[in-house]
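Comments concern the structure below.
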Amino acid sequence: MKISVLTGAGISAESGIKTFRDSGGLWEDHDVMEVASIQGWHKNQSLVLDFYNKRRMQLKDVVPNLAHKALAELDKYHDVTIITQNVDDLHERGGSKNIIHLHGELNKVRSVATHRLVYDWDKDLQLGDMAEDGHQLRPHIVWFGEAVPMLDEAIPHIENSDKLIIIGTSMQVYPAAGLCGYAKEQSEIYYCDLDPQPNHELTRNKKLEILKGPATEQVPLLVERIKKEGFS
Ligand code: APR
């Protein structure tokens, strides 16, 4: 069975990574447009580099939680694709194999001039760190005001899935939030969230099941249910 899983910051919350809208819209005490927008980058590259350096370093202190691990377990029974808005590497470290990062990855950097020159990077990034094309390196993150290049790769997965599992996202940031609108009429949709706020794309789906509660409780329970279905 083909399953797509759309995750947001809420799946990493219990690993200790702050979500976006729970912290009153401030990201580590910064206005989001200062540190996560193309305008912010043009205004103050050092501030942006420092912000992502701090978030990249934080990855060394956090580990995947039971929700990440349960999704990796599901990989053993079904064709699972993780489509995440998160830039952390917890799905990879939790053992999932097929992962699409819609908003980029903290552990990657790229040339400011092209998406084609991308490098693994697990240390601080400074002004003067250059790509092989001679241009400054920048975080490989999709900032507000930029296109979401991986969207075209993600859509067919959702269109062809029998089940869509949505975990820990407020579903407020488009185009990612609109992905659930691509689910087949007959797909089963599960929306797991501490405080579920289904958007209109979601509420129009007849086979929607809301799983209210922490991801580390709800996701393992759901994975066990799906595993049992497989044998019925
Ligand atoms: N278990 C399950 N859900 C949780 C938990 C938890 N322990 N903790 C928080 N949540 C839920 C919240 O209720 C909320 O619905 O996770 C969601 C987090 O929402 P946001 O902070 O808006 O994060 P997200 O939806 O991933 O944001 C999407 O917006 O800011 C941009 O690029 C950024 O990728 C991000 C995008």
Side-chain angles (χ1 to χ4, degrees), residues 4-41 48 51-52 55-56 58-59 62-71 82-91 94 99-108 138-151 154 164-181 189-203 208-223:
S4 288
V5 187
L6 177 61
T7 66
I11 197 170
S12 297
E14 290 163 270
S15 293
I17 297 181
K18 273 195 200 137
T19 65
F20 296 96
R21 280 150 199 91
D22 294 355
S23 37
L26 281 181
W27 288 12
E28 311 291 353
D29 303 328
H30 289 290
D31 175 294
V32 61
M33 297 312 276
E34 269 183 357
V35 292
S37 76
I38 189 67
Q39 296 84 349
W41 171 250
V48 173
F51 172 74
Y52 284 97
R55 292 182 66 195
R56 191 177 305 109
Q58 184 199 22
L59 289 186
V62 298
V63 294
N65 61 49
L66 291 176
H68 298 104
K69 291 177 182 164
L71 292 176
I82 308 281
I83 300 165
T84 187
Q85 300 169 84
N86 298 341
V87 294
D88 64 52
D89 58 350
L90 294 179
H91 281 303
I99 304 165
I100 296 173
H101 282 274
L102 292 172
H103 294 166
E105 298 177 65
L106 274 174
N107 283 333
K108 288 198 168 86
R138 55 161 278 180
H140 186 50
I141 300 283
V142 177
W143 286 325
F144 284 99
E146 295 188 308
V148 180
M150 300 306 280
L151 201 66
L164 171 59
I165 304 173
I166 300 168
I167 305 168
T169 174
S170 61
M171 305 188 47
Q172 288 177 25
V173 175
Y174 287 78
L179 277 174
C180 51
I189 302 189
Y190 307 86
Y191 177 29
C192 164
D193 198 279
L194 209 52
D195 173 22
Q197 309 285 329
N199 62 15
H200 69 276
E201 277 95 349
L202 205 50
T203 40
L208 170 63
E209 182 176 349
I210 304 245
L211 305 169
K212 184 175 167 63
T216 54
E217 275 171 30
Q218 292 299 329
V219 178
L221 288 173
L222 176 60
V223 165

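Each ligand, and each atom within it, is numbered from 1 in the order the structure gives. In this text the structure is predicted, and so the values were computed from the model without any measurement. Both backbone and side-chain heavy atoms feed into the values below; hydrogens, waters and symmetry mates do not.
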Across all chains, not counting sequence neighbours, the ring-ring contact (aromatic ring centres under 6.0 Å, His included) partners of His140 are none
Aromatic plane relationship, His91 with His68 - under 30° parallel, 30 to 60° tilted, over 60° perpendicular: perpendicular
Under 4.0 Å from ligand 1, residues with heavy atoms, in chain and number order, are Gly8, Ala9, Gly10, Ala13, Glu14, Thr19, Phe20, Arg21, Asp22, Trp27, Gln85, His103, Phe144, Gly168, Thr169, Ser170, Val173, Asp193, Leu194, Asp195, Gly213, Pro214, Ala215
For Ser170, side chain to side chain contact (heavy atoms under 4.5 Å, CB included) partners two or more places apart: Arg21, Gln172
Would you mind reporting whether Ile17 and Leu90 have side-chain heavy atoms less than 4.5 Å apart? yes
Give me each pair satisfying salt bridge (Lys or Arg N to Asp or Glu O under 4.0 Å) with a member in residues 166-181, each pair once, sequence neighbours excluded. none
Do Asp193 and Ile210 come close enough that some side-chain heavy atom pair is under 4.5 Å? no
